[in-house]
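Scroll down for the structure; my scribbles are underneath it.
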Amino acid sequence: MATLRFQALKDASGRKPVKFEESGRKSDLFGSNVFNDKAMKQFLTADAHKGVKDAVQHGTKIDRKLADYIAMGMKEWALTKGVTHYTHWFQPLTGTTAEKHDAFFETSYDGLEVFEKFGGGQLVQQEPDASSFPNGGIRNTFEARGYTAWDPTSPAFIFGTTLCIPTVFISYTGEALDYKTPLLRALNAVDEAAVDVCKYFDKNVKKVTATLGWEQEYFLVDASLANSRPDIVMTGRTLLGHTSAKGQQLDDHYFGSIPSRALNYMRELEEECMLLGIPVKTRHNEVAPNQFELAPIFEETNLAVDHNSLLMDVMSKVGERHDFKVLFHEKPFQGVNGSGKHNNWSMATDTGVNLLSPGKTPMSNLQFLSFFINTIKAVQEYEELLRAAIATASNDHRLGANEAPPAIISVFIGQQLTKVLAELESVTKGKLSPEEKTDLKLNVVGKIPEVILDNTDRNRTSPFAFTGNKFEFRAVGSSANCANAMTTLNSIVAKQLIDFKKEVDALIEKKDLKKDEAIFNVLREYIKETKNILFEGDGYSEAWEKEAKRRGLSNHKTTPTALKAKVSKKALDLFKDLNVMNHVEVEARYEIELEEYTKKIQIEGRVLGDIARNHVIPTAIRYQNTLIENARGLKEIFGKDFEKLAKEQISLIKEISGHIEGINSNVEAMTEARKKANALTDAQKMAESYCDKVKPYFDVIRAHCDKLELLVDDEIWTLTKYRELLFTR
Ligand code: ADP
Ligand code: MG
C-alpha cells in the first residue's frame with residue numbers, strides 16, 4: 001500500500017505540468033460565451049430584445065410568441081459557437097448545480113430530414129426527471145414532478161458545447177424546490193421596500209438592486225494525492241492526519257508569490273470565467289499553505305449567486321485539467337486555516353447611487369444613514385435567523401470553533417460611524433429647533449466623509465462588518481450556495497425598511513413632523529435599540545462570548561441548534577409576509593438541512609471508522625509485528641540481557657496496543673451511537689443525536705490514529721500525510 005502513496009507522489013511530480021499562457025486583452029474575451037446585450041442585438045429582432053430587457057428591468061412577462069423568437073435567436077447564436085445541446089441549469093437544494101442535456105437535433109414531421117430545433121416552449125420550461133432531488137416532503141412521489149422555468153434576469157451561457165439556460169425549479173403546486181426562487185422573491189421585496197424609502201430623498205428612484213461581491217476561498221491539492229485519501233474523496237476533508245511539522249506559522253504563504261502550478265491553473269480558470277462573463281478581478285494566496293482566494297467585481301445579487309455556483313463547477317473542471325482537486329470544504333485540514341466565502345453586500349439605485357456609501361450632501365448622507373442603520377436594525381432583530389442561514393455541518397468547523405468568525409452574530413461599524421451614531425442618539429424627541437437642525441446638517445450628517453477611513457484597518461474578527469461602502473457578511477461558508485445567506489439578508493432588510501417607512505409616515509401624519517425630523521426621530525430610537533448588536537472588539541475572545549451572553553445575543557455553535565430559528569414563528573411570518581416563502585417551503589428547507597447535516601456526520605463517521613480499522617490498525621499491527629520479531633530475535637541472541645536492549649521496542653509494542661484498543665473500542669461505541677441516532681424518527685432529534693452523541697467520537701478516534709502515525713514506520717504508513725497534501729506544488 002505504501003507503493004500507492006509513493007506512486008501517487010511520483011505521478012504528481014513526474015507528470016509534465018500543464019502550461020497555460022495568458023495572452024491578449026481580457027476585455028475582448030469577456031462574456032463572449034454569454035447571450036448578453038451585444039449578442040442579443042446581433043441575433044434578436046428589436047422587439048424580442050426589448051422583451052427580454054423589459055423582463056429583466058421591470059419583471060414583465062414574455063409571451064409564448066416572443067419566447068419563440070428569442071429561442072430562435074438564441075439557438076442561432078449558440079450554433080455559431082459549435083453548440084450541440086441545451087440544458088436548463090438550476091440550483092436544487094443539494095447545494096450543487098444541476099443540468100439535463102437535450103440535443104437541438106430533431107427530425108422533421110415525416111422523419112425524413114433532421115434539423116437543429118429549439119422553440120420557445122423548450123426555452124421557457126423543461127421537466128427534469130427530478131424525483132431524486134431533495135424536497136423535504138413537498139413533492140410526494142405520487143404527485144406531479146417539479147419543472148424548471150426560464151429566469152431571463154440571468155443570461156444564458158455556453159459551457160463546453162452546451163447552451164445553459166438559468167432557471168428556477170418549482171413544483172407543480174408552485175412551491176420552490178431550489179435556491180433561486182426564494183432569492184428572486186427576496187430581491188423583489190428589498191427592491192420595493194428600498195424604493196419606497198428612497199422616495200423620501202429622491203422621487204426619481206424606480207428600482208433598487210441588491211449587489212453582491214463574494215470572495216471564494218479554496219485549497220488546491222494534487223489530484224493523485226487527494227485521491228489516495230478516502231476521507232478527502234468521500235467527505236471533502238481529512239478526518240485524520242497528524243499536523244505537519246511546518247504549518248502556517250511562518251505566514252509565508254499569505255500574499256507570497258503564487259506557486260507556478262497554481263498560477264497556471266488560475267490563468268486558465270480566469271480565461272474560462274472571462275468567456276462566461278464572470279468578472280474575476282483578484283487572485284492571491286491565502287493564509288494556509290495551498291490555500292487561495294478568487295474574487296470578482298460585484299454584480300446584481302441573483303447574477304452574482306449564479307456566477308458563484310457556476311464558478312465552483314468550472315473550478316473543479318479546470319482543476320481536473322491541471323491534476324488538482326479543488327477543496328471547497330470549510331475545514332479540510334486540522335490545524336491550518338479554514339475557508340470562507342465573504343459576501344460583500346450593498347444596494348444600488350437605478351439613478352446610480354450606492355445606498356451604503358456616504359454622499360456629498362447632508363441629504364444624501366441622511367439617506368445613507370437610513371439604510372445603514374436599518375441594516376443594523378435588521379441584523380439585530382434577526383441575528384438568529386442570519387446565523388441559521390449559514391449553518392451547515394462543514395461551516396460548524398469555523399463558527400464557534402476558535403476560528404473566524406464566531407457563531408455570535410454582531411456588527412462592526414468602525415470608530416467614525418460609532419461617533420456619528422452617538423451624536424444622532426441625542427437628537428431631541430419630536431420637533432427639532434431650527435438651531436438643532438442646522439447643527440445636525442452642518443456638524444453631524446454633513447460631516448460624514450465620503451470615504452470612511454478607519455475601515456481600511458478592519459476588524460477581521462467580525463462576522464458582519466461595515467467596510468466603507470458595503471457590509472461584509474463573513475460567516476458564509478466556502479462551500480455554501482450564497483443564495484441561502486442572501487435570501488435571508490435581503491428579506492430581513494426588506495422587512496426592516498417596510499417597518500421604518502411605516503414609522504416615519506406615522507410620525508409625519510400623527511405628530512405633524514417634517515420628513516427629516518421624523519427620520520431623525522425614528523433613527524434615534526433604532527440607535528438606542530441596536531446597541532447590543534454593535535461590537536468593535538475581538539470577536540474570537542472568550543470575553544466576548546461572556547459579554548454577548550450578557551447582551552442576550554445567541555451563540556449557537558452547532559447546526560442542529562442553529563437551524564431551529566428557521567422555523568420560529570418570527571421567521572415563518574417574515575418570509576410569508578414578504579411572499580418569499582410560505583410555511584411549507586420554509587419547513588421543507590429546514591428538514592432538508594437537518595437531513596443533510598445528519599447524512600454528512602453519518603458518512604464522516606462511517607469513513608472514519610473504515611479508515612481507522614482498514615488502514616490504521618492493520619498498518620499499526622504490521623509495524624508492531626516487526627517490533628515483536630525484533631524483540632524476539634534480540635532475546636534469541638542475548639538471552640536474559642535482551643530486556644535492556646529491547647526496552648524501547650517493548651514499550652512501543654505496548655503503546656501501539658493501547659492505541660489499537662482505543663480505536664476499536666471507540667469505533668464500536670460510535671457505531672452504537674449511530675444506531676441509536678438512526679432509530680430516532682424526528683429529524684431535529686436525529687441531527688442533535690448525531691451532533692452530541694456521534695460526532696464527539698471523531699476527535700477521540702482521530703487522536704489515537706494521529707498518535708500511531710507518529711509511531712509507525714513512515715515507509716509502511718498507507719495514508720498520504722499532511723506535509724505531502726499541503727506542501728506538494
Ligand atoms: P478589499 O476588500 O480587498 O479592499 P474591495 O473593498 O474593493 O476590496 O472589495 C472587496 C469585495 O467587495 C469585492 O468582491 C468587490 O466586488 C465587493 N464590493 C465592492 N463594492 C461592493 C458593493 N457596492 N456591493 C457589493 N459588493 C461590493
Ligand atoms: Mg473580505
Side-chain angles (χ1 to χ4, degrees), residues 26 30 183 186-187 190-191 194 198 205 207-218 254-255 266 269-270 273-274 277-287 291-312 315 339-359 364 367-368 371-372 374-375 378-379 404-405 411-414 416-417 449-476 478 480 482-483 485-490 493:
K26 285 282 177 278
F30 190 75
L183 175 67
L187 293 172
V190 85
D191 172 12
C198 283
V205 173
K207 190 174 172 67
V208 169
T209 309
T211 51
L212 165 65
W214 38 261
E215 302 165 54
Q216 179 72 53
E217 291 183 332
Y218 61 100
Y254 194 53
F255 285 124
M266 289 179 195
L269 174 64
E270 283 164 17
C273 287
M274 282 293 137
I278 306 172
V280 287
K281 196 168 158 66
T282 58
R283 50 158 106 121
H284 62 79
N285 291 347
E286 263 303 324
V287 182
Q291 190 188 27
F292 306 94
E293 184 189 290
L294 178 150
I297 298 168
F298 69 91
E299 299 175 285
E300 184 277 319
T301 300
N302 174 41
L303 187 59
V305 170
D306 277 1
H307 277 167
N308 182 250
S309 301
L310 179 58
L311 172 93
M312 289 167 76
M315 282 176 80
S339 304
K341 177 150 50 197
H342 296 178
N343 277 202
N344 295 274
W345 170 89
S346 187
M347 293 161 282
T349 67
D350 55 350
T351 53
V353 174
N354 175 355
L355 292 169
L356 288 175
S357 190
S364 65
Q367 173 169 283
F368 156 71
F371 283 94
F372 176 70
N374 271 291
T375 305
V379 175
V411 183
F412 168 86
I413 59 171
Q416 281 180 312
L417 287 162
E450 267 187 84
V451 183
I452 305 284
L453 286 174
D454 64 338
N455 283 297
T456 48
D457 182 25
R458 307 163 190 173
N459 181 335
R460 292 267 158 207
T461 67
S462 174
F464 200 91
F466 185 70
T467 49
N469 55 4
K470 62 192 180 286
F471 277 101
E472 188 169 340
F473 189 17
R474 301 213 186 97
V476 185
S478 50
C482 307
M486 283 298 111
T487 301
T488 305
L489 179 58
N490 287 291
V493 172

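Sequence positions, counted from 1, serve as the residue numbers for this chain. Computed from a predicted model, the values in this text were never measured in an experiment. Atoms within a ligand are numbered from 1 in the order they appear, just like the ligands themselves.
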[X] N/O under 3.5 Å from ligand 1 N/O:
X: K470; value: yes
X: I297; value: no
X: N344; value: yes

Any [X] side-chain heavy atom under 4.5 Å of [Y] side chain:
X: M486; Y: W345; result: yes
X: Q367; Y: L355; result: yes
X: W214; Y: H342; result: no
X: T375; Y: F464; result: yes

Pair Q216, M312 - check side-chain contact (heavy atoms from CB on, under 4.5 Å), show working.
CA-CA 9 Å; Q216 179 72 53; M312 289 167 76; 3.9 Å; yes

Looking at F466 versus F372, is the centre-to-centre ring distance below 6.0 Å?
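Yes, ring centres under 6.0 Å apart.
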
When you measure from the heavy atoms of P296 to every atom of ligand 1, does any distance fall below 4.0 Å?
yes

Is the shortest distance from a heavy atom of T467 to ligand 1 less than 4.0 Å?
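It does not; every heavy atom stays at 4.0 Å or beyond.
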
Out of all atoms in ligand 1, which are within 4.0 Å of some heavy atom of T211? Include the element for each.
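Selected atoms, number and element: 22 (C), 23 (N), 24 (N), 25 (C).
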
Numbering the atoms of ligand 1 from 1, which are under 4.0 Å from a heavy atom of N354?
23 (N)

Heavy atom to atom 27 (C) of ligand 1, shortest distance: which of W345, W214, F298, F471 holds it?
F298

